[in-house]
Every structure is written in structure tokens, then in C-alpha cells.
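To keep things clear, I will list the structure first and then write my remarks on it.
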Amino acid sequence: MGESLFDRAQARIPGGVNSPVRAFGAVGGDPFFVARGQGAYLWDTDGGRYCDYVQSWGASILGHAHPKVVEAVQRAAAAGTSFGAPTAAEVELAEAICDRVPSVEKVRLVSSGTEAAMTAVRLARGATGRPKIVKFAGCYHGHLDALLVAAGSGVATLGLPGSAGVTHGTVADTVVVPYNDEAAIDEAFARFGDEIAGVVVEPVAANMGLVPAADGFLAGLRRRCDDHGALLVLDEVITGFRLGPAGAQGVFGVTPDLSVLGKVIGGGLPLAAVGGRADVMDELAPVGAVYQAGTLSGNPLATAAGLTVLELLDANAYSTLEGTAAALADGLHSVLADAGVPAQVPRVGTLVGLFFAEQPVHDYDDARAADAKAYAAFFHGLLDAGVYVAPSSFEAMFPSLAHTPADVDATVEAAAAAAGALSSP
Ligand SMILES: *Cc1c(COP(=O)(O)O)cnc(C)c1O
């Protein structure tokens with residue numbers, strides 16, 4: 001046996017991966033290396049095939065290598081891959097985003113969700129002249145320092161650095177509150193009221209497993225932001241163009257000041273965006289005083305892919321995808337119940353979650369109390385049967401438009417066997 005790809009990777013890339021969750025640390029074992037993807041499926045470098053519910057963490061809503069996306073990217077590449085000067089496709093994509101998301105009057109394109117969230121934080125501070133940002137424990141907004149914060153104990157705590165290399169000073173203006181906890185939000189506003197520039201929230205939390213916002217939670221945030229002159233920033237990097245054309249804000253009827261978009265809008269290429277009220281967006285350079293820039297921002301390959309994806313996501317696509325998600329959630333729920341395994345399979349529209357827990361999960365503490373060992377065993381049971389779900393219990397499942405009813409049936413069959421193995425000691 002020669003040296004494996006993972007051995008070589010670990011020798012030259014920290015942990016062998018370019019983003020930590022890919023290393024399978026949370027589930028054990030070595031990651032597979034992807035050779036190619038097509039539709040609902042991935043093939044690894046050993047020829048193994050997997051039905052893929054990660055789909056680049058939701059970026060590939062059409063499935064892998066959709067022919068129209070491939071063609072659009074090829075056509076764009078042939079005309080030059082980056083100019084650092086404006087192109088028509090950027091204008092078309094900005095218009096397509098604003099047409100679909102009414103709260104987005106103007107939009108700035110960037111290359112990653114992290115960058116978009118970082119810009120939203122700077123813009124909220126610059127536009128209000130206030131320092132503090134409220135975030136929720138268990139919500140992820142990328143790896144910008146200001147939001148890479150772990151909650152301290154108790155409600156409405158000032159942030160503690162969530163990573164080595166993040167200083168106390170960097171997170172001193174970040175206030176962390178539990179998700180779905182209105183009393184904690186009231187406490188945060190009572191303590192820091194006119195210092196709060198903005199509240200940043202995932203309208204459906206999808207980075208602590210899938211945790212829906214409680215009824216009225218988002219409307220309550222909107223009202224409190226209005227009362228205190230703070231901006232409401234919805235991080236729709238996962239939910240945008242996935243729950244519907246206007247994302248979670250369209251589904252739940254809440255109007256943010258700023259939205260952070262990513263994943264689906266890049267069609268699997270590096271593209272993200274921050275958008276919102278025109279007066280706030282015009283605080284950005286070169287109009288306003290809030291600096292922001294990017295060599296590859298509005299990249300021609302990414303805008304070509306994004307435009308193609310948005311054009312294909314019509315009402316029919318969303319109802320098909322919701323049907324797929326419902327079949328998956330219902331199937332998983334029933335095989336886990338039949339096996340007598342305590343599990344929750346939350347679903348919000350086209351997004352599905354899975355917790356090995358007795359009770360529904362409402363916040364990060366609940367999510368952390370779920371049985372991660374059971375998740376790891378279930379993950380490997382599915383993987384052995386050729387089904388790839390997220391290699392961590394703190395993620396959602398992303399069925400794509402390429403998943404057929406037969407794919408979902410096969411997945412549920414594999415899940416029945418994996419659940420059976422879990423329940424037999
Ligand atoms: C993935 C994600 C991000 C970060 O996006 P990157 O492109 O990975 O930097 C931000 N917010 C949410 C809600 C995400 O799921």
C-alpha cells in the first residue's frame with residue numbers, strides 16, 4: 001500500500017483539510033476524497049459512490065455539475081476569469097437578487113459568507129455610529145473575529161473569544177444571547193440599549209443542527225431593533241434562495257435592514273453578498289465612509305453560475321424540493337421511531353435536521369445535549385451504505401433538486417438498517 005491521499009494531505013495541509021469539519025473529527029475515521037460529483041451523487045477517489053446530502057453545505061441546490069451551470073461557467077471562463085473592473089453580469093445578478101428579496105434595495109457582491117458577514121457588521125457599526133453587535137449562541141456567521149464568540153454562562157453575556165487568536169478586545173463589543181430567548185434579548189437591550197448597532201441572527205439556525213426560530217421570535221427582534229434604533233441583520237447564507245425566492249424573510253414575513261447571502265447564490269462557486277436598505281448600503285465606499293473591497297468580488301465565473309441558478313429556481317423547483325425534504329424527514333423519523341431510537345427530525349421547508357435527543361431542540365444548550373456518539377454511529381452506518389450526510393451533528397441536511405424519490409427511498413432504507421444497528425446493543 002502506498003501513502004494515502006489523507007496521509008499526503010496531512011503532511012502539507014493542517015489536519016489534511018482546508019475547512020475543519022471536512023476532517024471527520026466529530027464522527028471519527030478518515031475523510032474520503034472527492035473525485036467528482038454529478039447530480040445527487042459523489043464519487044470518491046477509490047470509486048465509491050455516495051448519495052450526497054451535504055451538497056457543498058447547501059451551495060449546490062441543483063445538485064452537482066448541473067449542465068446549465070457548467071455551460072454558463074465554461075462560457076464565462078472562455079471570456080476571461082477576472083478583470084477587477086465592472087461587468088454586466090454583476091449588474092444582472094444584483095438586479096436578480098433585488099427582484100427576489102424585497103428588503104434588498106442594493107447589494108454588494110463578495111466572495112464568501114464570512115466576508116459578507118464581516119461587511120454587515122462593519123456597516124451596521126458605521127451606519128449607526130454604535131459599537132455593539134448582538135449575536136446568538138450556536139449561530140454561525142463565518143470565521144470573522146467579531147462573531148467567533150462563545151457564550152459565557154448566563155443570559156446576555158459579553159462574548160469570550162471562541163478561538164485562540166481572537167483577543168478579548170476584538171469581541172468586547174459582541175453580546176451573546178441564547179437563541180429563541182426573548183427575555184435574554186430584553187436584558188441585552190436593557191443593559192446595552194443605545195450602544196447596540198445591530199442584532200445578527202440566522203432566521204432558521206442551521207449551524208447547531210437545524211433549530212427553527214420560535215413563533216414570534218423574529219418579529220420580536222424586529223420590534224426591539226426598531227425601539228432601540230438598532231439594525232436587524234438576517235444571516236440568510238443558508239436559508240437565502242433555499243427556503244424560497246425571498247429566503248426565510250419571505251417565508252416568515254420579517255423585514256431586515258441588512259441581509260447576508262451566500263452558498264446558493266454562488267451555484268457552487270465563491271460568491272456571497274450583503275444587501276439591504278439603500279440608505280444603509282450607501283454608507284459603503286465609494287459612496288460612504290465604510291471601507292470594503294475585493295480583488296475577486298463579482299467574479300465572472302461566480303456571477304454566471306449564480307445567475308443560472310437563480311433563473312432555474314422557480315416556484316415549481318421550491319415545491320419539488322420541499323416534497324423531497326418532507327419525504328426524507330418523514331422517512332428518517334419513521335425508521336428511527338420504529339427502531340426505538342430517541343430522535344428529532346426537524347424540518348423547515350426544504351431544510352432537514354437530525355438530533356439524537358428525547359425532546360425538540362430550541363437552542364444551543366439543547367443541541368449540545370443531544371447524543372453526538374449516536375450521531376457518529378448513524379453517520380458511519382449511512383456512509384457504509386453509500387449515503388453521505390454531514391460529518392457533524394451540528395449541521396443540517398441539504399437535499400438537492402437532483403435527489404429523486406428513488407434516491408430518498410434508498411436513503412431511508414439505509415437509515416432503517418443504520419437505526420437498527422444503533423438500537424441493538
Ligand atoms: C456557511 C455560513 C457562513 C459562512 O460562509 P463561508 O462562505 O463559509 O464563509 C455564514 N453564515 C452562515 C449562516 C453559514 O451557514
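Read the numbers this way: they start at 1 and go in the same order the structure lists the ligands and their atoms. Worth knowing before you read on, the calculation uses all heavy atoms, side chains too, and leaves out hydrogens, waters and symmetry mates. Quick note: residue numbers are just sequence positions, from 1.
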*Would you check if Tyr388 and Leu382 make a side-chain contact, meaning some heavy-atom pair closer than 4.5 Å?*
no

Using 4.0 Å as the upper bound for N to carboxylate O, is an ion pair formed by [Y] and [X]?
{"X": "Arg277", "Y": "Asp279", "answer": "yes"}
{"X": "Lys132", "Y": "Asp194", "answer": "no"}
{"X": "Lys106", "Y": "Asp282", "answer": "yes"}

_Does Phe32 form a ring-ring contact (aromatic ring centres under 6.0 Å, His included) with Phe6? I'd like the steps, not just the answer._
CA-CA 8 Å; Phe32 60 85; Phe6 193 43; over 10 Å; no

Pairs under 3.5 Å, nitrogen or oxygen of ligand 1 with protein nitrogen or oxygen:
residue  : atom   : partner : partner atom : Å
ligand 1 : 5 (O)  : Gly113  : N            : 3.4
ligand 1 : 7 (O)  : Gly113  : N            : 2.8
ligand 1 : 9 (O)  : Gly113  : N            : 3.3
ligand 1 : 9 (O)  : Thr114  : N            : 2.8
ligand 1 : 9 (O)  : Thr114  : OG1          : 2.7
ligand 1 : 11 (N) : Tyr140  : O            : 3.2
ligand 1 : 11 (N) : Asp235  : OD1          : 3.3
ligand 1 : 11 (N) : Asp235  : OD2          : 2.7
ligand 1 : 15 (O) : Asn207  : ND2          : 3.0
ligand 1 : 15 (O) : Lys263  : NZ           : 2.7

_Tyr41 and Trp43 aromatic ring geometry - parallel, tilted or perpendicular at 30°/60° bounds_ =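 Taking Tyr41 first and then Trp43, their aromatic rings sit tilted (interplane angle of 30° to 60°).
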
